[in-house]
Visitor: 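Once you've had a glance at the structure underneath, I'll fire off some questions.
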Amino acid sequence: MSSHGAPIPMTSRACGALTGTAQVPGDKSISHRSLILGAMSVGETTITGLLEGQDVLDTARAMRAFGAEVTDHGGGSWSVYGVGVGGFAEPDQVIDCGNSGTGVRLIMGCMATSPISATFTGDASLNGRPMARVTDPLALFGTQSVGRSGGRLPMTIVGAAEPVPVRYVVPVPSAQVKSAVLLAGLNAPGKTVVIETEATRDHTERMLAGFGAEITTEITDEGRVITLTGQPELKAQHIDVPRDPSSAAFPVCAALIVPSSDVLVPNIGLNQTRAGLFTTLREMGADLTYENEREEGGEPVADLRARFSPDLKGIEVPAERAASMIDEYPVLSVVAAFASGKTHMPGVKELRVKESDRIDAMKVGLEANGITVEDGPDWWTVTGLGHGNVPGGATCASHLDHRIAMSFLVLGMATQRPVSVDDGGPIATSFPIFEPLMGGLGAAITRSNG
């Protein structure tokens with residue numbers, strides 16, 4: 001089953017050149033945070049370019065359940081009339097976060113230091129994912145949580161009535177964990193400190209500052225030390241959401257492996273904590289250029305131009321880059337299949353606890369399509385066959401994971417035989433216009449049913 005209905009089998013086959021402009025959706029990370037911080041602010045926050053995928057819509061519904069007034073004005077334009085820090089009401093119903101690990105973990109954080117309770121659930125994939133990585137640090141504030149064995153959803157969070165500030169060293173690189181602790185720290189007195197030994201995406205810190213929070217970041221011997229002063233009055237803002245680099249990865253990577261392709265992907269956020277994939281692709285020899293580089297809303301932005309690159313080489317991807325491209329490894333492994341030689345990807349154990357075990361899902365699917373893949377607990381290696389030499393022909397399991405489904409559909413655009421996925425339905429959670437957008441560039445993706 002897909003996350004929101006019956007399975008939707010899809011097939012992708014070799015096509016002519018991909019050409020044109022790919023207007024990918026708004027950034028998912030910033031969309032989630034715009035709604036949440038808008039709900040915790042005083043006044044009306046206006047948002048343009050919001051990603052209207054199911055994950056973000058589930059977060060919007062959750063903010064309404066906590067008492068914020070959230071309005072969809074159409075065309076990606078939204079407004080949030082917030083209740084202020086500490087102003088959340090107790091929800092009447094269970095909060096269903098669908099497929100979104102980001103959504104549920106950030107929402108747990110933002111309500112964890114208010115004297116209310118909320119019960120969270122999700123789809124089969126989300127309900128199998130570990131939540132202890134968030135609930136353990138939230139317990140330091142005085143929050144209680146009761147869930148299924150293994151710290152899994154459904155789970156009830158009982159907010160701390162008298163929260164205390166926390167000093168927390170994030171044990172694994174995770175922007176979700178860091179953000180949950182910072183959001184909880186908003187309603188705790190004094191200073192909450194989060195220490196990252198390895199930098200992760202910093203949208204939460206940037207946006208908290210933009211909404212008026214007192215927050216500082218220092219680089220010390222311990223790592224990145226982020227200090228937040230609790231109980232501020234956040235002030236409503238206007239947020240123009242940049243386009244999502246994780247979504248841009250799919251048309252960019254497709255253009256690199258399909259002969260004669262030339263695709264422009266405008267207005268892509270190039271925050272250094274998110275742009276690791278594009279750096280890696282260029283190191284592999286990709287014809288990928290940045291045009292019209294600029295800054296919008298405190299975030300670096302550029303237009304990306306990707307052209308067919310027949311002479312890609314396998315490389316060693318630095319382990320320290322993993323946090324800046326963790327969601328892009330599945331589609332990078334597809335590009336690696338068309339490179340010459342081995343692409344080794346270490347430092348990626350986080351991939352095993354995403355919507356699926358993404359290393360295993362890609363390994364099984366790539367091997368079924370004729371590619372050799374080796375893996376360990378924290379690494380994997382793809383041995384590429386070079387342009388034109390990948391057999392294809394298999395049906396791959398998406399495991400209710402949108403990025404796995406899209407990655408295999410990109411694979412099929414340049415293989416000798418078509419590649420299918422058992423269920424493309426989860427794609428709607430993050431990239432609802434994937435099919436028409438890729439079709440408009442010239443891709444040949446068809447649905448087997450429906």
Side-chain angles (χ1 to χ4, degrees), residues 10 12-28 49 51 53 241-270 274-294 296 300-313 325 327-339 384 387-388 390 392 402-403 405-415 418-419 424 427 430-446:
M10 295 182 183
S12 175
R13 50 184 46 84
C15 52
L18 301 176
T19 58
T21 300
Q23 299 282 2
V24 303
D27 186 283
K28 186 164 70 162
L51 169 63
V241 180
R243 306 300 177 94
D244 195 324
S246 295
S247 295
F250 297 100
V252 163
C253 289
L256 299 179
I257 63 175
V258 175
S260 302
S261 294
D262 185 347
V263 171
L264 182 70
V265 193
N267 304 317
I268 300 304
L270 288 181
R274 295 286 302 282
L277 172 70
F278 306 129
T279 300
T280 300
L281 292 172
R282 293 166 99 175
E283 290 175 357
M284 295 174 74
D287 186 350
L288 176 62
T289 55
Y290 300 165
E291 302 177 0
N292 190 22
E293 294 186 57
R294 57 203 184 275
E296 293 181 1
V301 174
D303 305 332
L304 306 189
R305 183 174 294 278
R307 298 181 178 91
F308 174 54
S309 304
D311 299 316
L312 296 166
K313 305 295 183 186
M325 55 183 289
D327 288 329
E328 286 73 70
Y329 279 100
V331 76
L332 173 63
S333 72
V334 168
V335 175
F338 294 91
H387 167 63
V390 180
H402 49 125
R403 299 199 196 281
M406 289 186 283
S407 295
F408 284 126
L409 292 173
V410 169
L411 178 75
M413 296 175 195
T415 46
V419 173
I427 292 170
S430 71
F431 201 161
I433 61 169
F434 174 77
E435 287 174 89
L437 182 146
M438 295 305 301
L441 298 174
I445 299 173
T446 56

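Every heavy atom of this structure was used, including side-chain atoms; hydrogens, water molecules and symmetry mates were not.
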Visitor: With a 4.5 Å limit on heavy-atom distance, are the side chains of Met438 and Met413 in contact?
Guide: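 Heavy-atom side-chain distance check passes, below 4.5 Å.
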Visitor: Using the test ring-ring contact (aromatic ring centres under 6.0 Å, His included), find all partners of Tyr329 that sit at least two apart in sequence or belong to another chain.
Guide: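 Result, ring-ring contact (aromatic ring centres under 6.0 Å, His included) vs Tyr329: none returned.
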Visitor: Can you find a heavy atom in the side chain of Leu270 that is under 4.5 Å from one in the side chain of Leu304?
Guide: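 Yes - at least one pair of side-chain heavy atoms lies under 4.5 Å apart.
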Visitor: Ignoring hydrogens, what is the shortest heavy-atom contact between Ser407 and Val334? Give both atom names and the distance.
Guide: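 Smallest interatomic distance, heavy atoms only, reads O-CG2, 3.4 Å.
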Visitor: When you compare the side chain of Pro310 with that of Phe338, does any pair of heavy atoms fall below 4.5 Å?
Guide: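 No, every pair of side-chain atoms sits at 4.5 Å or beyond.
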Visitor: Please identify each residue that fulfils salt bridge (Lys or Arg N to Asp or Glu O under 4.0 Å) with Glu291, with sequence neighbours left out.
Guide: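 Glu291 satisfies salt bridge (Lys or Arg N to Asp or Glu O under 4.0 Å) with Arg305 once adjacent residues are dropped.
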Visitor: Working to the nearest 0.5 angstrom, can you tell me the gap between Ser12 OG and Leu411 CG?
Guide: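 If I round to the nearest 0.5 Å, the distance is 8.0 Å.
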Visitor: Quick one: CG on Leu264 to CG on Asn292, what's the gap to the nearest 0.5 Å?
Guide: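 Interatomic distance, Leu264 CG to Asn292 CG, rounded to 0.5 Å: 9.5 Å.
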Visitor: Can you name the ring-ring contact (aromatic ring centres under 6.0 Å, His included) partners of Phe431, sequence neighbours left out?
Guide: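 If we apply the ring-ring contact (aromatic ring centres under 6.0 Å, His included) test to Phe431, skipping adjacent residues, the hits are Phe434.
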Visitor: Atom CG in Leu332, atom CE in Met284: separation rounded to 0.5 Å?
Guide: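 It comes to 5.5 Å.
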Visitor: Output a table of donor-acceptor pairs, distance under 3.5 Å, between side-chain atoms of residues 14-25 and any protein atom two or more places apart or on a different chain; print 'none' if there are none.
Guide:
residue: Gln23; atom: OE1; partner: Arg243; partner atom: NH1; Å: 3.0
residue: Gln23; atom: OE1; partner: Arg243; partner atom: NH2; Å: 3.4

Visitor: For the residue pair Val258 and Ala414, what are the closest heavy atoms and their distance?
Guide: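 Between these two residues, the closest heavy atoms are CG2-CB, 4.5 Å.
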Visitor: Considering residues at least two apart in sequence or located in another chain, which fulfil the side chain to side chain contact (heavy atoms under 4.5 Å, CB included) criterion with Pro259?
Guide: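 Partners of Pro259 under the side chain to side chain contact (heavy atoms under 4.5 Å, CB included) test: Phe308, His387.
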Visitor: Name all residues meeting the side-chain hydrogen bond (donor to acceptor under 3.5 Å, both in side chains) criterion together with Ser430; count only those two or more places apart in sequence or in a different chain, and write none if there are none.
Guide: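 Applying side-chain hydrogen bond (donor to acceptor under 3.5 Å, both in side chains) to Ser430 gives His402.
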Visitor: Could you give the distance from OH (Tyr290) to CZ (Arg282), rounded to the nearest 0.5 Å?
Guide: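 Rounded to the nearest 0.5 Å, the OH-CZ separation comes to 4.5 Å.
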Visitor: Tell me, please, which residues at least two apart from Arg294 pass salt bridge (Lys or Arg N to Asp or Glu O under 4.0 Å).
Guide: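 For Arg294 the salt bridge (Lys or Arg N to Asp or Glu O under 4.0 Å) partners, ignoring immediate neighbours, are Glu296, Asp303.
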Visitor: Applying side chain to side chain contact (heavy atoms under 4.5 Å, CB included), name anything that partners Ser246, two or more places apart in sequence or on another chain.
Guide: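 Only Asp244, Arg274, Asp327, Glu328, Arg403 meet the side chain to side chain contact (heavy atoms under 4.5 Å, CB included) criterion with Ser246.
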Visitor: Quick one: list whatever passes salt bridge (Lys or Arg N to Asp or Glu O under 4.0 Å) with Arg307, sequence neighbours left out.
Guide: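 With neighbours one apart ignored, the set is Asp262, Asp287.
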Visitor: Considering non-hydrogen atoms only, spot the tightest contact between Asp27 and Pro245 and give its length.
Guide: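 Minimum heavy-atom contact is OD2-CD, 3.1 Å.
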Visitor: For Asp311, check salt bridge (Lys or Arg N to Asp or Glu O under 4.0 Å) against everything at least two apart and list the hits.
Guide: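 Asp311 satisfies salt bridge (Lys or Arg N to Asp or Glu O under 4.0 Å) with no other residue.
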Visitor: What is the distance from atom CE of Met325 to atom OG1 of Thr279, rounded to the nearest 0.5 Å?
Guide: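 Output value for this atom pair is 8.5 Å.
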Visitor: Could you give me the CA-CA distance, side-chain angles and deciding distance for Ile257 and Val390, then say whether side chain to side chain contact (heavy atoms under 4.5 Å, CB included) is met?
Guide: CA-CA 11 Å; Ile257 63 175; Val390 180; over 6 Å; no
Visitor: Give, for atom SG of Cys253 and atom CG of Leu277, the distance between the pair rounded to the nearest 0.5 Å.
Guide: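 Cys253 atom SG to Leu277 atom CG measures 5.0 Å (nearest 0.5 Å).
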Visitor: Which residues pass the side chain to side chain contact (heavy atoms under 4.5 Å, CB included) test with Pro432, sequence neighbours left out?
Guide: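 Here the qualifying residues are Leu51.
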Visitor: With a 4.5 Å heavy-atom cut-off, do Pro242 and Asn267 have their side chains touching?
Guide: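 Not touching, per the 4.5 Å side-chain cut-off.
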Visitor: In chain order, what residues pass the side chain to side chain contact (heavy atoms under 4.5 Å, CB included) check against Ala286, with sequence neighbours excluded?
Guide: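 Counting only residues at least two positions away or on another chain, Ala286 forms a side chain to side chain contact (heavy atoms under 4.5 Å, CB included) with Leu256, Leu281, Leu288, Ser309, Leu312.
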Visitor: Of all the heavy-atom pairs spanning Ala248 and Ile268, show the shortest one and how long it is.
Guide: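 Taking Ala248 first and Ile268 second, the nearest heavy atoms are CB-CD1, 3.6 Å.
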